[in-house]
Structure formats: C-alpha cells, structure tokens
There are 2 protein chains.
Amino acid sequence: MIFTEIIKRKRDDFALSREEIVSAIRGYTDGEIPDYQMSAFLMAVLLKGMNKDETMYLTDAMLNTGRIFDLSKIPGRKIDKHSTGGVGDKVSLILAPLVASCGVAVPMVSGRGLGHTGGTLDKLESIPGFRTSLEYNEFYKILEKIGVAMMGQTDEIAPADKSIYSLRDVTGTVESIPLITASILSKKLAEGIDGLVLDVKCGKGGFMKELKDAEALATSITSVAKGFGKKCVSLITNMDQPLGNYVGNSLEVIESIECLKGNGPQDLMEVTLTIGREMLVMGEKARDRDEAMVMLDDAIKSGGALALFRKMIELQGGNPEVTDDYSILPFSKDKKEIKAQDSGWISEIDAYEIGVVNLLLGGGRRRKEDAINPGVGIVFEKKVGDRVKKNEPLATIYYDKVLDGEIEQRFSSSIKIFPKVIEKPPVILGSRRL
Amino acid sequence: MIFTEIIKRKRDDFALSREEIVSAIRGYTDGEIPDYQMSAFLMAVLLKGMNKDETMYLTDAMLNTGRIFDLSKIPGRKIDKHSTGGVGDKVSLILAPLVASCGVAVPMVSGRGLGHTGGTLDKLESIPGFRTSLEYNEFYKILEKIGVAMMGQTDEIAPADKSIYSLRDVTGTVESIPLITASILSKKLAEGIDGLVLDVKCGKGGFMKELKDAEALATSITSVAKGFGKKCVSLITNMDQPLGNYVGNSLEVIESIECLKGNGPQDLMEVTLTIGREMLVMGEKARDRDEAMVMLDDAIKSGGALALFRKMIELQGGNPEVTDDYSILPFSKDKKEIKAQDSGWISEIDAYEIGVVNLLLGGGRRRKEDAINPGVGIVFEKKVGDRVKKNEPLATIYYDKVLDGEIEQRFSSSIKIFPKVIEKPPVILGSRRL
C-alpha cells in the first residue's frame, strides 16, 4: 500500500480499513515510512478523527508491534488501573497493593512524569533501592508470588506507541482522542489484563481541561477496551486542585503510606476507594461495590495492604523500612512556610501551576532526559473549601538551596482566597461504563 | 518562536501572524525545523486553511528565501503567464514570443512535467541544443535584447518552495489553495514582473477537477497577487480534453510553431489569444482587449512572432531551423493509427487518461529524476464534438519499439463516441479580475 494514499484518505475524511492502518503502523515501526509522512498522517487523524473500528485497528496494530504478556497461568482475573496524569496523583502507589491484598492481581506498567504532571515510577524510585526497570521474568515472578508488581514500560511493550508518542509530542498531535486511546490501550492491553479502570483527570492540572473532552476520552477508551473483550470502567475525577495534600516525589510516597495506614485525606481516599471498588468487582472478588468497599476498608484497617506494599518494595529491591521511617527518603534540607495573605475560604489551588512549581523546584522534568530531584515539593495545610485566617500557614515548600522569588510568587498566585464560604468541590465528576 | 506552538495554533484554527509564518519558513529553510514538523504544519494548513493575509505572509516569506530579479532597467512592463498544468498545454511556447513581439517583455521561468501533465521546459528541450538552465545574467541579457527568455527554476528562486513542494508531494498536502497560491506566486513574483495572467486548468486533465475549486484558486491567486501590488487576471480554461491536437514533447513544439504560422487549432488559439490579450492590456501596449486582438493577429500574420521565437531559440542555443524543418526534432520511428469503432460524435477524450498514456509511452515522468522520451506522443484527428464514421482515423500514437497492448487499450477507452450530436465544449470557463 502507498502510504501517501492512506494519508489522503484520512485527510479526505474516509474511514480507514484494518489493512490500511496495519500497513501504516508496521511500515512506520519497520522504518519504511519516514517521520515526515507519519506526522502528516497524525495531524490528519487529529483533525478528522477516527471511528471506533479505526481506533480498535490502530490500538491492535500498535499492540502487536510488541510483546503481549501471557498471565493466563496466574490464577484469577488480572486488573489494572490507569490515570491520564495529574498533580499529586499518587493513587497507583496506594491502590496496587490495596487491591492486590484483596486478592485481585495487579500487573502494573507505569510511566514517568513529564511537564507539570508526576509519574508513578519517579515516586517509587524515591524509595532507596527500588527498581522499576524489571525484566519481564522478574516482573512475572513477583506478580505470581504476591499478586502485584510495578514496572516501567520496556522496549518490548508496544514499541510503535513509544516512537509515535515521541513524534506527536513535537508535532502538535498529542490532543487527539483516538490517538490517546490507542496509546493508552496498546500499552495496557500488552499487560495481559482482563480489565481496566481508567481515571480520566479533568481540570486545570489534567490533560483534559473540559468535562466534555474528558467524557469523550472516557467513552472512547471504554468502548474500545470492550471491543477487545476487556472489562473497562472509566471514571472522570477532579484535577482542578492537586489530589491529596502532598506534591513531590518523596512527599507523595509518605502520603501514600499514610493512606495505607488509614490516615489519608478525604479527596485522595475517595478517588482511591472508588477505583478500588471497581477493580474488586471487575476482578470478581466482590459481588458489588458495597462489598468491595468493606473489603478495602478491612485491608487498610488490618494492615494487610501496607504489609503487601512493604513486601513489594522488598521484592523490587527497595528498603521496606520506609513505611516506618520516612527519614530514609531523600529530602531537600530547606523549607519555607507560606502564609495566608487574607482571611476567607480557599477558592482555588491551580493544579497546573502547582505542577509547574514542583517542576521548577526540580521535582519534574521538562524533557524525558532530565534528571529529577525527589526531595522537593509542597505540603498543603489547606485545600479548596477550607477556611483560613490571615497569616495562618497555607503550605510548606520544600526546596533545594535557594527558593527563587519567582517560584514563590508563582506559588502564591496559584492560591486564591475568597471572602465568602466556598464549598468543597466534588471529587468524582462522572463515569463511563457503557 | 517554538514551532510546535505555531503548529498547534494553525491546528486550532487561529490566523497566524506574519512573524509566525516567517519564523516557520525561515526555520525550515535554515534546517532548524525538521521535515516531520513541517509536514504536520502543512497538513494543518491544508485542513484549516489560511486567510488572504496569511497567504500573503506565506508567499512573501517563501519569496524572500531566494533572489528577486531586478528587471527595473528593462523598459516597459514585464508580464508573465502561468498555467496550473494540463495535457497538450503548449500555450507558453506560443504566447511568450507572440506577446513579446507586440512589445511586452516576458521573463518566463517555467517548470517540468510531472505525472500526467506536461512541462514547458521538457517541450523546449526537444529542440536540439535548446538550453533552459540559464544563469540569471544570461537570462537577463536575452530578455534585454529581444524581450523574451524562458528558463527553468534555479536554486536561487524561492528555495523554500522547492523543498516544501517536495515534502507536500509525499505527505498528501498538495491540494491546498493557500499552499498552491504561495508556491506559484513566490516563484512568479521572483521574476520581477509587473503583472501575471494565470491560466487555471479545470477538468479531468487539470489539477482542479471541479469548477468551484478552480474558482477558489483563481480568486486566491488574483487577490494575493494584487496584495503585492501586481496586476493579475486569472482565467479558468477547459482541461477535460487535451488542448490542441498534439500531445508529446516534440509533437507539441510542431503544433506551437504551426500556431505561430497561423495554422493553430481553434481551442488552442482561443486560450492563447485570450491570455495574450490580457497580457498586452496589462503591459500597457494595447488600450483594450479589442486592440490587443488586432495586434496579436498582426504579429502572427506578419511572421513577427515566429521570427522572435526563432531568435529566442538561437539565443538559447537551439537550432532555429526547427521552424522550417520538423525533422530536426527527435521522433519515435513507430506509429499506429487508431480508428473509430463506431459512427457518431466524439463525446469525450479524457485528458487525464491521455496524459497517462503519454507518460506510459515514455513521454512523461513519474518521479522528478526520470528521463523522458521526447519523440513519443499522440496526434488527434478528431476532438470532442467532431463527427466521426466507423473506421475513420481518430488519432495516431507515436511510440518507441513496442506499443504495449494495455496502453493501446487505455487510449481507446479514453475516447467515447455518442450516437447523437455533441456540441463543442466551451474553452474559457470563467475569469477572476477582482
């Protein structure tokens, strides 16, 4: 097939056949189709869209450029969750051991932070010794042994996604529902899972700023995943303000452990437990969401979930003492308390700006090659809807050596105080079950 | 400026500023912007369009990557014509000496044939010795001396267009009104002309198949050219069947000379004279189109136009004897007469198919690097609207060595005979003066 003709057909708004899409993805992965043709194709897809069938063909073609884990010998259903990325989103760290401790295997392949968003791998790697770059065999053995393992994407998993994502990043073709759907699902389906709970973050700090876009992505992923015979539920959750009270890599490990100890903040626990319930029902360990809720509560109260987290840390080379001794984690030596300039109610903590502040402090990366400083971050004393008095502490910034005046200014500007009562915003904004 | 942001703005349907467009074109020409970003940008332009201002900025940016001829010392107005390309379109060969013989300087930079369309340079180069790859100084001197010179595009002229066109060709981004406008005008404005008559070919063998597309291109080029302070008229002419009776490089040189001798076929002469009249008025040598018509007629009848063509051939290294002795031209030795299979009226001679037949005979090129065989082609005995009897000759195919059965079949299928009267189709379909 001549790829230029395929580009023209998409440009002219025709639906592509499976053969056309497979030849595009194979050709690109084999190096026969150059970047400059693929990027024109991606722009045509972004602007003309793809229907559900095309998105399935694309996902399948990308999935089949790499290895698909065979977890069939591990008993029971294998369920994973995926978040589209946000600020303070440490849900995976809590949820993976929590759900696994209830008997559902969680084979989790995660990503790194980029731009203003954090990444699960970066957070886990704050724990001294913790290795996320596992070989498949090691990943499999840990999963088989304790029902949970967390690793980074390897070159084996959907290599087409890796190269296409890099190209999208520099050609203005990231914001496309079918391309995002295929990117997420080609990686997740490679894990050999039976079901997936998707957490579509919506709001200032999320990838999707508008509810309608988040809904469109949730609908697309849910329907395509079902087309592959997988169970899938997509939740849309609020990402206008950071999730939980801690932002930063080491800091988020602490907050995750506190959640497993039963001390988690309301918004973070609500997201975690809502996803967890879906995973237990999907994994056929709970009859319904009510029963699942009881199981999750028990797993926290009994210490079972925390014990499993410790076990996983140990098996992945990390120091499990971290759950009792946070001083093991790397921390920046310097901190500054930020105080309220007015009395009133917190009306906004702009998650995007907070993510950028953490990035500027050194806790994130602008480019994939950048190193990060796990010790910096922010701990919030107040969240949106909380009442605050003038000069009361709002948050503490953890920084290294010098706190740049511009960063502090940016941080302060991201928090707004209103003279009248502000209600706590909803945490769960919607869901797609289809 | 970050080019990815510029791509996104066009993708999101914003009008780009002059600075953004200049930075895109300069960045690409300097090699700072890679092909894969430019192709995504071009697809966004194709699908989202550009307004008149953006198209002007684009044309200007591309024009300014190269040299702009300074013809100010050559007295009088300098006027050129440009055709969007067709089959049997040898109008430039006739028109350039004809208009110049009436006192309007014609500095013509032409192109080569590609795909099913022919190119002025290829036709001229059928004349033994004729050189089209002139240096600017030589071109200038010939123009100064006789008021007409015809050369190929050089690396000096709008180099951005050359590289962008190559990229468009392989990325499905050719069919865009603003990109075509900027491509044509950046080259034509580089000639240092005062005015331009554009011949937008419309129909099966033209680049624009639909009248509305041809009208849109005519409107765009006319308005952008005027924005640059140039006089411009765009004509839309019929390209459903080949123009004139001869198709093929040497053959079209013969037909051009016959036109200059006053023996041209009706359709070809109507296009030539209609454009010529506009050029004489634009060049301020005729008060109106009626006076221009008389001047053009006189130039043919007096032999002045033919004499100037001979002069130009001589100055560009060619053998001027060609005007009296066609055997100087390279010709394929073999030919076959194609006869009518039915009686009736010719209802169609598909110009695209005829162009492909000439290409398959060896008279055109699939890729820019291909060599061509100037000696092959087709001479038509009948055109659309002509009455024909069964077994009467329709055309003669000039081929080299073997006439492939599939080519002959393709040729025959491209001609349709209808049992009832078919009217001669119109030659001029419309115009844009604004």
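Proteins come first, then strands; the chains are lettered A, B, ... in the order of their sequence lines, and each starts at number 1.
- Ranked by heavy-atom pairs shorter than 4.5 Å toward chain B, the options A:Lys48, A:Glu175, A:Met43 are led by A:Met43.
- Between B:Val170 and A:Thr4 the shortest heavy-atom distance is O-OG1, 3.4 Å.
- For B:Ile2, no part lies near chain A; criterion is any non-hydrogen pair under 4.5 Å.
- Per-residue counts of heavy-atom pairs under 4.5 Å with chain A were compared for B:Ser39, B:Pro34, B:Gly172; the largest is that of B:Ser39.
- Counting heavy-atom pairs under 4.5 Å between each of A:Leu47, A:Thr173, A:Ile6 and chain B puts A:Leu47 at the top.
- Within residues 7-31 of chain A, the residues that have a heavy atom under 4.5 Å from a heavy atom of chain B are A:Ile7, A:Lys8, A:Arg11, listed by number.
- Between the CG atom of A:Leu167 and the OH atom of B:Tyr36 there is a distance of 7.5 Å, given to the nearest 0.5 Å.
- Ranking A:Glu5, A:Met38, A:Gln37 against chain B, the residue ahead of the rest is A:Gln37, based on heavy-atom pairs under 4.5 Å.
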